[in-house]
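Notes to accompany the following structure.
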Amino acid sequence: MSQQPASGMKLPQDGVAWEELAAKLDAMKTNDADWRRGRLPSYTYYVDDDLLEKQTEAYAKYIVENALGAGLVFPSIDQMQADIFSMGFDLFNAPVGAGASFTSGGTESVFQAVKTCRDQARALRGEPRGNFNVVAGINAHPALDKAAQILDLEVRRTPLDSEYRATAAAMEAATDERTIMLYASAPSYPFGLFDRLEEISDLALRKDLWLHVDACWGGFISPFAKSLGYAIPEWDMVLPGVTSLSADIHKFGYAVKGASLIIYRDAAVQKYEAFEFSDWPRGTYWTPTFGGSKPAGSVASAWAIMQYLGRKGYERATSDTMKATMDLISGVNQIDGLKALEPYGEGNLFCFVSTDPAVDIMAVADILEARGWIRGRMREPLGIHQGVVASHLPFVDDYLGEIRRAVNEVRTSGKLGAFKERTY
Ligand SMILES: Cc1ncc(COP(=O)(O)O)c(C=O)c1O
C-alpha cells in the first residue's frame, strides 16, 4: 500500500467557470459507490433526503466560523458544544462531575482518551517519559494502535471468547505493572458484538486501571435499539469501572462528518487532555484536543440534528436500521451454503461466512462488488463484513437476490476469490 499519487493538475491561470466545475463535481461521482441505494456498508450513514437537507442547512450556517475560536470569539459554538455534552451525558448515563470534548471523529476521540490516560499516568507515577501499555481484545479498532504509535505506548491484544468478545480473564492475563488502560468495544467493528463489559469494568476497578469504552460505531445506535427491545448489554457509564467512552455523532448520530464525543467520568482528568504552549513570540496557545482549526459546521449539524431527531427520531432511524439488519441476517441464513456468525442482534453489524466448501466466500464478495454491492471483507474467519444503515431497508430483497445469484454462480463455476488486504 502506498500514498495516493498526484494527478499532474496545475492551478489554472484563470478561474474555471462555476457551472463547469459544479457539473464536473456531479459527473466525477459516476464511479463512486451508490450510497443512496444501499450499496455501501459503511462510510456513509444516509437516512433520507429530509435529514440530508437539514444536515446541509445546519452545516452551511456555520461554514465560515472556526471551532478553534469557540471560547474566544464564537460563544455560540461553546454553547452548542455544552448542549451536545449535556445531551451526551444524559444518553450515556454520565454522573455529575463528568466532562467531555467534541472531536473530529472516532480516531481523534480514541486518541484523546489514550493521551489523557497516558499523561495522567506519567504525572501520577512521576515518570515523565514512562513507557506504558494498553490491553485490548484483538477486535479493537486500529484507531487505538494509531494513538499508541504516536503516544509511544505498547498495545497488547488479547484473544476473544467463542462469541468474539474480549474477556476480563484474557485481559487480566496480559496486564502487568506497566499497564495503564483497558480498552473495550461496544460493539466491536469486526463483529458487531459487545465485549464482556461488566466483568471488564470490575477488573478495571479491582486493578485501579483506566477503562476506555469505544462506542464510536454503536454509541448512537445502542441506547435506541435497547429501548426498542433489542438485547443490548450494559456498556456505558452505568458501569462504575468505565473511565471514558467515545461515541461518534457523525455515524449514527447523523451529524455531518467531523463530529464525535469523548466523555470522561471525571472532568478533572481533562487537565491531561488539553494542549497548552506558551514558548513562542505570541501568548498561550491552548486547544482542548488534537486538532487546531475545526469545522464549526460539524458542531452546528450535531447540535441541530440531535434535537431535530430527538429520542423518537433516533428510534425511528434505529428501528429501520435494526429491521434491515435482522431481515438480512435471516435472509442470508436461508441461502444454502451461507451462515451469519452467531451471536448477532446487538447492533447493525454482522458477518457471514460460507458453510459449503464449493462456495468461496471471497468469490461471492468479488461478484457482489463487480455488481456495485461494495462489501467489507473479514480475514478471520474468512467472510463478508456487513454494516447496515437505515436506508438499506428498501434494498434488502434486491441485495439478498444478488447474494443468492452470486452464491449459485460461484458454486457452478468453481470460481475462487482472494482476501483483499486493504479494508475498511
Ligand atoms: C469501533 C470504532 N472505533 C473507532 C472508529 C474510527 O472512527 P473514525 O473513522 O470516525 O475516525 C470506528 C470507525 O468505524 C469504529 O467502528
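Counting starts at 1 for both ligands and their atoms, following the listed order. Everything numeric in this text was worked out from a predicted model, so none of it was measured.
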Original post:
With atoms numbered from 1 as shown, which atoms in ligand 1 lie under 4.0 angstrom from a non-hydrogen atom of Trp217?
Top reply: 16 (O)
Subject >> Interfacing atoms of ligand 1 (cut-off 4.0 Å, heavy-atom, Thr107) >> reply: 6 (C), 7 (O), 8 (P), 11 (O)
Original post:
side-chain hydrogen bond (donor to acceptor under 3.5 Å, both in side chains) with Thr116: which of Trp210, Tyr272, Tyr264?
Top reply: Tyr264
Original post:
Looking at His250, which atoms of ligand 1 are within less than 4.0 Å of one of its heavy atoms?
Top reply: 10 (O)
Original post:
Hey, are Arg125 and Glu177 close enough for a salt bridge, meaning a charged N less than 4.0 Å from a carboxylate O?
Top reply: no
Original post:
Could Arg36 and Tyr46 be counted as a cation-pi pair, given that NZ or CZ must be under 6.0 Å from the ring centre and within 45° of the axis?
Top reply: yes
**OP:** For Asp214, counting its heavy atoms only, list the atoms of ligand 1 lying under 4.0 Å from any of them.
**Re:** 1 (C), 2 (C), 3 (N), 4 (C)
Subject >> Per-atom contacts of ligand 1 with Lys251, taking only distances under 4.0 Å to non-hydrogen atoms >> reply: 7 (O), 8 (P), 9 (O), 10 (O), 12 (C), 13 (C), 14 (O)
**OP:** Give me the one residue out of Phe191, Tyr344, Tyr189 that meets ring pair (Phe, Tyr, Trp, His ring centres under 6.0 Å) with Tyr164.
**Re:** Phe191
Subject >> For atom 6 (C) of ligand 1, closest protein heavy-atom neighbour >> reply: His141 CE1, 3.6 Å
Original post:
What atoms of ligand 1 come within less than 4.0 Å of a heavy atom belonging to Asp248?
Top reply: 7 (O), 10 (O)
Original post:
Does a side-chain heavy-atom distance below 4.5 Å link Thr179 with Phe132?
Top reply: no
